[in-house]
Amino acid sequence: MSTERKVALVAGANGVIGRNLVDHLVSLGDWEVIGLSRRGGADRGRVRHLAVDLLDPADARDKLGGLTDVTHVFYAAYQDKPTWAELVAPNVGMLVNLVDAIEPVARGLRHISLMQGYKVYGAHLGPFKTPAREDDAGHLPPEFNVDQQNFLEQRQQGKAWTWSALRPSVVCGFALGNPMNLATVIAVYASISKELGVPLRFPGKPGAYTSLLEMTDAGLLAKATVWAATDERCGNQAFNINNGDLFRWSELWPKLARWFDLEVAPPLQMSLETVMADKEPLWNSMRERYGLEPSFGEVSSWRFGDFVFGWDYDVIADGSKARRFGFHEFVDTEEMFLSIFDELRKRKVIP
Ligand SMILES: NC(=O)c1ccc[n+]([C@@H]2O[C@H](COP(=O)([O-])OP(=O)(O)OC[C@H]3O[C@@H](n4cnc5c(N)ncnc54)[C@H](OP(=O)(O)O)[C@@H]3O)[C@@H](O)[C@H]2O)c1
């Protein structure tokens, strides 16, 4: 364990990525952690929460101006918007406001870690070159992840701190009230199917049932993020981070259904956003019957589910650069889903 003081500022501490990162930093035992989000949270042990609106530069300056001890910034804040173009201004603006506020005061700043994704490779636009590699050619804007990285690269010139960028696939872990949460989409969709006495049908595009995919466990991603932020060789580098195994829904779907004691019937393409629009009263009756905690709004990432289940093309990136640089952890994707379902049940998110 290093004796140097390490103070992490985690932006997006309530998100599926940020929340798991905070937990991992705490588990390491030698980090002080400041969690940043609009909602804030209850302080516990080595974690202090700050409620800050990063869209507001004055609020960022006011609330972050006293954080002189921060040594590492982990940026995983995110503003959802309906179009790819609309994502750019708020998401680049939040990062700029944070760096403008923290860089002048945190004299011992050593690293800024940026959470990205496969959108850097155009994965959201349609079939793209796979497996994607970190040095693949770029594509036309708008794309906020690329703009964020360009901003950091320019700001870092001549500075003592370094940056790293993490590029996970779909990230799976526990979180509530966030727009991109595939494990919860599947768990709630399956629970509602069971309640209505219907089998579990894959709701995506026909070709999406057999395309080749991979996932990223939020706990694995947290380990990789801290590794990249603290291993000198990773300074000013980007890394694909995925579980290390590949799958097709056609093989995995029946195994997930089994956890819910559900039969599988042939896929039937439907928009989850559309078919879930009238399910809030049903969810409320399930909450009462099974003592479930979250509101329907807190478990509804249906638009994200439709997006992921619409990938009728391979969505895979080469994870070997991280291994070459020294990160060797992996996660079994089937076990990952089942253990998240266990946790959702334990936390009374699903029956
Ligand atoms: N989830 C995935 O499957 C996935 C996959 C690949 C890449 N990524 C990328 O990873 C990054 C993080 O995604 P995520 O899914 O973890 O996001 P998320 O679950 O939606 O979390 C976003 C976090 O940002 C905070 N936030 C939002 N607006 C804010 C503001 N104005 N000021 C301060 N904090 C704000 C939110 O808390 P409050 O609401 O309390 O402010 C929350 O803690 C994004 O760039 C995303 O594209 C995600």
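Counting starts at 1 for both ligands and their atoms, following the listed order.
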### Query
Regarding Lys119 and the six-membered ring of Tyr121, is the cationic atom NZ or CZ under 6.0 Å from the ring centre and inside 45° of its axis?
no

### Query
Among all residues two or more places apart in sequence or in another chain, which pass the salt bridge (Lys or Arg N to Asp or Glu O under 4.0 Å) test with Arg303?
Asp80

### Task
Not counting sequence neighbours, which residues clear side chain to side chain contact (heavy atoms under 4.5 Å, CB included) with Pro142? List them please.
Ala85, Val88

Note every protein N or O atom lying under 3.5 Å from an N or O atom of ligand 1, pairing the names and giving the distance.
unit_1: ligand 1; atom_1: 1 (N); unit_2: Met180; atom_2: O; d: 3.2
unit_1: ligand 1; atom_1: 3 (O); unit_2: Val171; atom_2: N; d: 2.9
unit_1: ligand 1; atom_1: 16 (O); unit_2: Ile17; atom_2: N; d: 3.2
unit_1: ligand 1; atom_1: 19 (O); unit_2: Val16; atom_2: N; d: 3.1
unit_1: ligand 1; atom_1: 19 (O); unit_2: Asn178; atom_2: ND2; d: 3.2
unit_1: ligand 1; atom_1: 24 (O); unit_2: Tyr78; atom_2: N; d: 3.2
unit_1: ligand 1; atom_1: 28 (N); unit_2: Arg38; atom_2: NE; d: 3.4
unit_1: ligand 1; atom_1: 28 (N); unit_2: Arg38; atom_2: NH2; d: 3.4
unit_1: ligand 1; atom_1: 28 (N); unit_2: Gln79; atom_2: NE2; d: 2.8
unit_1: ligand 1; atom_1: 31 (N); unit_2: Asp53; atom_2: OD1; d: 2.8
unit_1: ligand 1; atom_1: 32 (N); unit_2: Val52; atom_2: O; d: 3.3
unit_1: ligand 1; atom_1: 32 (N); unit_2: Leu54; atom_2: N; d: 2.9
unit_1: ligand 1; atom_1: 39 (O); unit_2: Arg38; atom_2: NH2; d: 2.9
unit_1: ligand 1; atom_1: 39 (O); unit_2: Arg39; atom_2: NE; d: 3.4
unit_1: ligand 1; atom_1: 39 (O); unit_2: Arg39; atom_2: NH2; d: 3.2
unit_1: ligand 1; atom_1: 40 (O); unit_2: Asn14; atom_2: ND2; d: 3.3
unit_1: ligand 1; atom_1: 40 (O); unit_2: Arg38; atom_2: N; d: 3.4
unit_1: ligand 1; atom_1: 40 (O); unit_2: Arg39; atom_2: N; d: 2.9
unit_1: ligand 1; atom_1: 40 (O); unit_2: Arg39; atom_2: NE; d: 2.7
unit_1: ligand 1; atom_1: 41 (O); unit_2: Arg38; atom_2: N; d: 2.8
unit_1: ligand 1; atom_1: 41 (O); unit_2: Arg38; atom_2: NE; d: 2.7
unit_1: ligand 1; atom_1: 41 (O); unit_2: Arg38; atom_2: NH2; d: 3.4
unit_1: ligand 1; atom_1: 43 (O); unit_2: Gly12; atom_2: O; d: 3.2
unit_1: ligand 1; atom_1: 43 (O); unit_2: Asn14; atom_2: N; d: 3.0
unit_1: ligand 1; atom_1: 43 (O); unit_2: Gly15; atom_2: N; d: 3.1

Using residues 250-257 as the side-chain source, report each donor-acceptor pair under 3.5 Å to any protein atom, sequence neighbours left out, with the distance given to one decimal.
unit_1: Ser250; atom_1: OG; unit_2: Tyr209; atom_2: O; d: 3.4
unit_1: Trp253; atom_1: NE1; unit_2: Leu200; atom_2: O; d: 3.4

### Task
May I have the step-by-step check of side-chain hydrogen bond (donor to acceptor under 3.5 Å, both in side chains) for Glu103 and Trp161, ending in yes or no?
CA-CA 10 Å; Glu103 203 196 10; Trp161 54 270; 2.9 Å; yes

### Message
Does the Lys NZ or Arg CZ of Lys321 fall within the cation-pi geometry relative to Phe239 - under 6.0 Å from the ring centre and within 45° of the axis?
### Response
yes

